[in-house]
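Quick notes on the structure that follows.
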Amino acid sequence: MSRIVLRDLTKSFGDLAVVDPISLEIEAGSFVSMIGPSGCGKTTLVRVIAGLERASGGEVLVDGAAPVDARAHKRVAMVPQQPGLLPWRTVKANSRLLLDVNRKANPPDAADPLALLHEVGLGEFLDAYPHELSGGMQQRVALVRALALHAPLLVMDEPFAALDEITRSEMRAILNRLVEGRGVTVLFVTHSIAEAVALSDRVLVSSPRPSNVVADIEIDLPRPRSADVEDEPRYVELCAQVRHALHGSMRR
Amino acid sequence: MTKRILAPIVGIVVFLAAWEGLVRAFKVRRYILRAPSSAVRYLWRFRSDFLDAAGTTAQHAAIGLLISLAVALLVGAVLASNRFLEMATQPVLVLVQVVPWIAYVASVVVWLGAGNGPVLFMVALVCLPAFVFATVDGMRSVEPASLELLASVDAGRWETLRRLRLPAAAPTLFTAARFNIGLALATTYYVEGSNADNQGLGYIGIRAASSSTGADRLWATVFAMAMLGVIALAVLSWAQRTLLHWHAAQRSQPH
């Protein structure tokens with residue numbers, strides 16, 4: 001079954017067309033990246049899928065339902081660009097923020113995300129406050145906060161954009177480890193070719209506004225993936241392929 | 001830590017010493033200004049009376065402040081979610097601030113009768129504008145990303161208010177409280193004094209002010225009010241450090 005289905009989806013703000021008619025299916029359990037130039041409407045598309053913005057035309061199905069319903073049932077977990085941790089909550093309390101609201105929609109097996117915090121190496125910082133953490137650690141809390149929902153769809157909007165390169169590659173490894181074997185579907189928006197290829201099963205290359213998918217590249221690197229995957233010739237080849245598609249889209 | 005306790009004490013001691021020294025050095029006439037030492041002597045002599053009166057005044061000010069805060073949170077939460085209402089209410093709140101309330105206190109006393117009523121009403125009213133402004137500004141200071149995050153799991157309005165907007169308003173509310181404590185004490189003192197049936201420091205003080213033999217009593221109440229103010233600020237600072245330890249303004253600054 002497809003987790004996300006878009007049929008002739010369009011989105012415009014007044015006269016400004018942000019998303020061209022776009023049709024696309026994302027399979028359950030796959031990791032799909034969307035890469036494209038700044039301001040190409042990727043974030044708008046993500047917001048439509050997350051049910052935070054209504055489509056202007058066409059149809060969107062998340063888990064077979066309208067995005068607004070998926071949102072009401074906590075079927076979509078978001079990781080925003082800024083970690084957005086609440087400064088008055090400890091790491092532990094921040095990681096369960098999304099479980100603390102709209103409780104009636106919590107999954108029956110909802111538990112404190114302590115195990116997840118340990119898994120991402122924050123076991124010694126459970127009672128720390130956000131201002132005591134580095135940027136990478138804060139984003140790890142944001143990741144746990146989203147995964148704690150046990151939602152079938154994880155939507156990430158340039159989550160590592162504000163981090164330095166060393167931390168980013170560390171986050172890539174953590175994310176791969178967390179997602180593999182959990183069966184969760186991930187829609188990942190990024191500016192980074194390396195990130196898209198290292199993480200994804202599929203990379204969608206988006207054109208400048210109005211946004212559309214100009215290339216759909218399958219990433220056939222084996223899983224589970226470690227950080228070493230970035231040394232493989234196939235990885236380098238795929239990066240080149242994405243880069244060419246991206247440049248082609250900008251010249252269009 | 002020691003600096004935090006020591007510095008205010010040094011400030012107060014220096015101020016009192018300067019006051020005492022000036023009164024003695026220039027031989028200020030007793031009905032114009034008393035030295036702190038003579039006010040303290042008088043306070044000590046009638047300590048049980050003044051302690052009772054100070055307790056009443058502290059209660060008036062504290063309850064008035066809490067009523068004001070409760071009303072401000074209610075009003076502020078509504079205004080923070082509606083720009084039109086906020087713009088419509090702002091001039092009214094400024095009116096409350098600028099109109100000299102001393103002029104209409106007598107009417108309020110007639111309206112609400114003698115006793116605690118007019119004191120609490122005036123304290124709550126005078127402190128309201130600063131609390132409402134602080135609530136609105138604080139609740140608006142929430143990061144859009146955090147709002148969106150809660151929206152992404154369909155959090156309700158009340159949940160967003162309680163989990164996000166209210167804690168975000170705490171820092172500005174404390175700043176307003178710091179300002180309002182002085183206002184509340186001064187208002188309490190004056191309204192107690194313009195009341196026929198009361199026990200507070202203001203009742204003693206304002207009556208003493210119109211009596212030819214009341215200077216000792218008057219200056220004793222002034223001194224007692226000052227001490228109430230210092231105690232109130234100390235309590236507030238402690239609460240602020242405890243509750244807002246996560247806030248940048250509370251962390252030690254690099255020098």
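Worth saying up front: this structure is predicted, and the values here are computed from it rather than measured. Throughout, protein chains are lettered first and strands after them, A, B, ... in sequence-line order, and every chain is numbered starting at 1.
The environment of CD1 in A/Ile166 is sparse: at most 12 heavy-atom neighbours from other residues, nucleotides or ligands sit within 6.0 Å. More than 12 heavy atoms of other shown residues, nucleotides or ligands fall within 6.0 angstrom of atom CZ in A/Arg182. Counting heavy atoms of neighbouring residues, nucleotides and ligands inside a 6.0 Å radius, atom CD of A/Glu165 exceeds 12 of them. Residue B/Phe15 qualifies as open at atom CZ: its count of foreign heavy atoms under 6.0 Å is 12 or below. Atom NE2 of A/His150 sits in a crowded spot, with more than 12 heavy atoms from other residues, nucleotides or ligands closer than 6.0 Å. Around the CZ atom of A/Phe13, the shell of radius 6.0 Å holds more than 12 heavy atoms that belong to other residues, nucleotides or ligands.
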Stepwise salt bridge (charged side-chain N to carboxylate O under 4.0 Å, His left out) check, B/Glu148 with A/Arg47
CA-CA 10 Å; B/Glu148 181 135 310; A/Arg47 287 173 50 87; 2.3 Å; yes
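For a residue to count as touching a neighbouring chain, one of its non-hydrogen atoms must lie under 4.5 Å from one of that chain's; by this rule A/Arg145 touches chain B with the side chain only. Contacts of A/Ala105 with chain B are absent, with no heavy-atom separation under 4.5 Å from either backbone or side chain. Only the side chain of A/Pro80 comes within less than 4.5 Å of a heavy atom in chain B; its backbone stays farther off.
Between chain A and the options B/Arg163, B/Glu143, B/His247, the largest number of non-hydrogen pairs under 4.5 Å is found for B/Arg163. Chain B forms the most heavy-atom pairs under 4.5 Å with one residue out of A/Met78, A/Gln82, A/His131, A/Arg103, and that residue is A/His131. The candidate from B/Pro167, B/Ala145, B/Ala151 with the greatest count of non-hydrogen atom pairs under 4.5 Å with chain A is B/Pro167. Heavy-atom pairs under 4.5 Å with chain A peak, among B/Ala155, B/Ser152, B/Ala170, B/Gly156, at B/Ser152. Between chain A and the options B/Leu164, B/Val142, B/Thr160, heavy-atom pairs under 4.5 Å are most frequent for B/Leu164.
Contact between B/Leu149 and A/Gly84 at its shortest, heavy atoms only, is CD2-O, 4.3 Å.
Note: A/Asp100 CG to B/Leu150 CG = 10.0 Å, rounded to the nearest 0.5 Å.
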